[in-house]
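Contents: one structure, followed by commentary.
Here the structure is a predicted model, which is why all the values come from computation and not from measurement.
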There are 2 protein chains.
Amino acid sequence: MILKSQVEWALHCCAILAGLPDGRYLSTKALAEFHGLPKEYLSKALQSLSQAGLVDTTLGPSGGYRLARPPADLTFLEIVEAVEGRQRTFVCTNIRANNPCRPKDYCESSPCAVARIMWEADEAWREKLRGVRLSDLVGILSKEIPSELWKSSFEWVLERAG
Amino acid sequence: MILKSQVEWALHCCAILAGLPDGRYLSTKALAEFHGLPKEYLSKALQSLSQAGLVDTTLGPSGGYRLARPPADLTFLEIVEAVEGRQRTFVCTNIRANNPCRPKDYCESSPCAVARIMWEADEAWREKLRGVRLSDLVGILSKEIPSELWKSSFEWVLERAG
DNA sequence: CAAATAAGGATATTCTTTATCCTTGATAGA
DNA sequence: TCTATCAAGGATAAAGAATATCCTTATTTG
């Protein structure tokens with residue numbers, strides 16, 4: 001059970017977009033080059049963010065992506081779910097219904113107890129991601145990344161931002 | 001990102017094994033029939049439980065599986081990890097290393113901040129499952145399942161337990 | 001000795017993920 | 001107006017994981 005690599009890509013891309021000045025856009029091409037990723041496939045991840053309403057886009061030269069909201073209003077969960085989807089990790093196929101001792105007209109009162117427990121764990125995972133904002137990530141990165149690298153990366157992005 | 005169906009199967013099988021009297025074993029065939037599952041493939045899941053030391057086995061007629069420990073000493077996490085593995089859901093491919101602004105001899109001080117956050121969510125998921133014991137599930141099931149069905153299922157199993 | 005069992009190797013099938021290619025319509029700038 | 005650039009998205013292919021089946025081996029019971 002492994003998350004799509006696009007989740008990792010989307011999170012890193014959002015971190016870059018968070019540093020973009022107001023009104024500027026960054027293209028798929030620039031984001032792909034900065035992270036060393038296949039442009040066409042990264043594009044699919046960015047489209048997912050767009051469809052979820054997390055980023056705005058414009059077409060044409062100097063077009064690209066920017067965040068639709070301030071980084072403090074974007075949670076990890078939103079970004080992860082935009083790319084990965086909202087399906088639970090545990091899918092209940094209701095195998096209890098195959099119990100040969102069961103009356104044929106038997107009707108379940110509630111979801112299977114096994115599923116309920118597994119879904120609680122899923123919810124704990126979501127709750128943790130819901131509690132982290134994109135601005136939190138930027139704050140951590142700004143402390144951890146050496147200031148020269150931080151600065152040069154920012155300049156690299158600005159040179160390509162439309 | 002969906003868990004293997006074998007996780008569901010393993011949890012239900014453990015719930016059944018939890019009701020087995022001391023010293024008795026239940027075969028793959030019986031467990032597969034009870035849950036309406038493909039015997040050969042369910043066998044792989046049970047082998048995983050065996051390799052993890054969660055169940056004991058014996059060969060020959062009247063052979064099969066039994067829990068290696070009391071249900072109160074078996075957590076959901078152990079069962080899930082036995083089948084699904086212990087790998088994290090988020091795999092960090094360290095794409096920050098592709099940053100074109102990076103000095104070539106640059107060496108990371110710590111794991112990527114994105115990965116650390118995602119791994120915390122993974123750990124919250126694990127912690128939740130670590131807190132649920134197989135005996136908890138049995139307790140819930142014994143309350144929810146109608147007593148006639150509970151009883152007849154128990155008898156069905158005992159008839160087949162070696 | 002015969003039947004039943006777990007263990008596990010080999011292989012096939014199906015589905016998801018990853019990836020590429022191409023077309024369309026919109027936009028900016030010359 | 002023309003051209004280059006861009007996002008969106010459809011079609012398709014390649015790779016990998018999950019699902020499933022079959023078969024052999026060694027062990028155990030009766």
Side-chain angles (χ1 to χ4, degrees), chain A residues 1-10 13 17 23-33 35-68 82-85 87 89-91 93 95 160-162, chain B residues 1-10 13 17 23-33 35-66 68 80 82-85 87 89-91 93 95 160-162:
Chain A
M1 185 185 60
I2 294 181
L3 287 162
K4 298 178 190 173
S5 56
Q6 288 189 341
V7 170
E8 182 187 18
W9 304 355
C13 287
L17 294 180
R24 310 283 296 272
Y25 292 86
L26 197 61
S27 70
T28 305
K29 185 185 172 193
L31 285 165
E33 191 179 342
H35 294 111
L37 301 173
K39 190 186 108 179
E40 305 281 356
Y41 193 35
L42 173 62
S43 168
K44 304 295 186 186
L46 297 173
Q47 282 173 38
S48 296
L49 295 178
S50 175
Q51 285 167 0
L54 307 185
V55 297
D56 292 331
T57 68
T58 58
L59 295 176
S62 80
Y65 298 88
R66 71 177 178 198
L67 295 182
V83 172
E84 184 66 36
Q87 191 171 26
T89 67
F90 183 87
V91 175
T93 62
I95 61 175
R160 288 157 182 84
Chain B
M1 185 184 63
I2 294 180
L3 287 161
K4 298 179 191 172
S5 57
Q6 287 189 341
V7 169
E8 182 187 18
W9 304 355
C13 285
L17 294 180
R24 311 283 296 271
Y25 292 85
L26 197 60
S27 69
T28 304
K29 184 184 172 192
L31 286 166
E33 191 179 342
H35 294 110
L37 301 173
K39 191 185 108 179
E40 306 281 355
Y41 193 34
L42 173 63
S43 170
K44 304 294 185 186
L46 297 172
Q47 283 172 39
S48 296
L49 295 178
S50 175
Q51 286 166 0
L54 306 185
V55 298
D56 293 330
T57 69
T58 58
L59 294 176
S62 80
Y65 297 88
R66 70 178 178 197
V80 170
V83 172
E84 185 65 37
Q87 191 172 25
T89 67
F90 183 87
V91 175
T93 62
I95 60 175
R160 287 154 181 87

Inset, instruction - Could you check which of D:dT29, D:dT21, C:dA19 has an atom nearest any side-chain atom of B:P61? - result: D:dT29
Legend entry - Options D:dG9, D:dT21, C:dG8, nucleotide nearest the side-chain atoms of B:P38: D:dT21
Legend entry - From D:dA20, C:dT20, C:dA6, nucleotide with atom closest to B:T28 side chain: C:dA6
Inset, instruction - Please determine, for the side chain of B:T57, which listed nucleotide (C:dA7, D:dA7, C:dG9) has the closest atom? - result: C:dA7
Inset, instruction - Look at the side-chain N and O atoms of A:S62 and state whether any lies under 4.0 Å from the OP1 or OP2 oxygen of C:dT27. - result: no
Inset, instruction - Mind calculating the distance between CG (B:L37) and P (D:dT21) to the nearest angstrom? - result: 11 Å
Inset, instruction - Indicate, with a heavy-atom threshold strictly under 4.0 Å, whether A:G64 touches base, sugar-phosphate, or nothing. - result: sugar-phosphate
Legend entry - Length of the CE-P vector between A:M1 and C:dT17, whole Å: 13 Å
Inset, instruction - Return no unless some side-chain N or O of B:Q51 is found under 4.0 Å from OP1 or OP2 of C:dA7. - result: no
Inset, instruction - Ignoring the backbone of B:L59, work out which of D:dA26, D:dA20, D:dC6 is nearest its side chain. - result: D:dA26
Legend entry - Atom pair distance, as rounded to whole Å: NZ in A:K39 and C1' in C:dT18: 18 Å
Inset, instruction - State, without any angle test, whether A:S48 and A:Q6 hold a side-chain donor-acceptor pair at a distance under 3.5 Å. - result: no
Inset, instruction - Measure from the side-chain N and O atoms of B:E8 to the backbone N and O of A:F90, and report whether any donor-acceptor pair falls under 3.5 Å. - result: no
Inset, instruction - With rounding to the nearest 0.5 Å, note down the distance linking CD1 in B:I95 to CG in A:L37. - result: 5.0 Å
Inset, instruction - Could you tell me the separation between the CD atom of A:Q6 and the C1' atom of C:dT20, rounded to a whole number of Å? - result: 13 Å
Inset, instruction - Could you tell me whether the phosphate oxygens of C:dT17, OP1 or OP2, come under 4.0 Å of any side-chain nitrogen or oxygen in A:S5? - result: no
Inset, instruction - Identify the residue among A:V55, A:L54, A:L31 that makes a side-chain contact (heavy atoms from CB on, under 4.5 Å) with A:L46. - result: A:L31
Inset, instruction - Take atom OH of A:Y41 and atom C1' of C:dT16, then tell me their distance rounded to the nearest Å. - result: 9 Å
Inset, instruction - Provide the closest heavy-atom pair for A:G53 versus A:A68 in the form atom of the first, atom of the second, distance. - result: O-CB, 3.4 Å
Inset, instruction - In whole angstrom, give the distance that lies between atom CD of A:E40 and atom P of C:dT18. - result: 17 Å
Legend entry - Nucleotide of C:dG8, D:dG9, C:dT5 approaching B:K44 most closely (side-chain heavy atoms): C:dG8
Inset, instruction - Could you tell me the separation between the OH atom of A:Y25 and the P atom of D:dC6, rounded to a whole number of Å? - result: 15 Å
Inset, instruction - Using a 4.0 Å heavy-atom cut-off across all strands, classify A:S50 as base, sugar-phosphate, or nothing. - result: sugar-phosphate
Legend entry - Atom-to-atom span, NZ of A:K4 to C1' of C:dT17 - whole angstrom: 8 Å
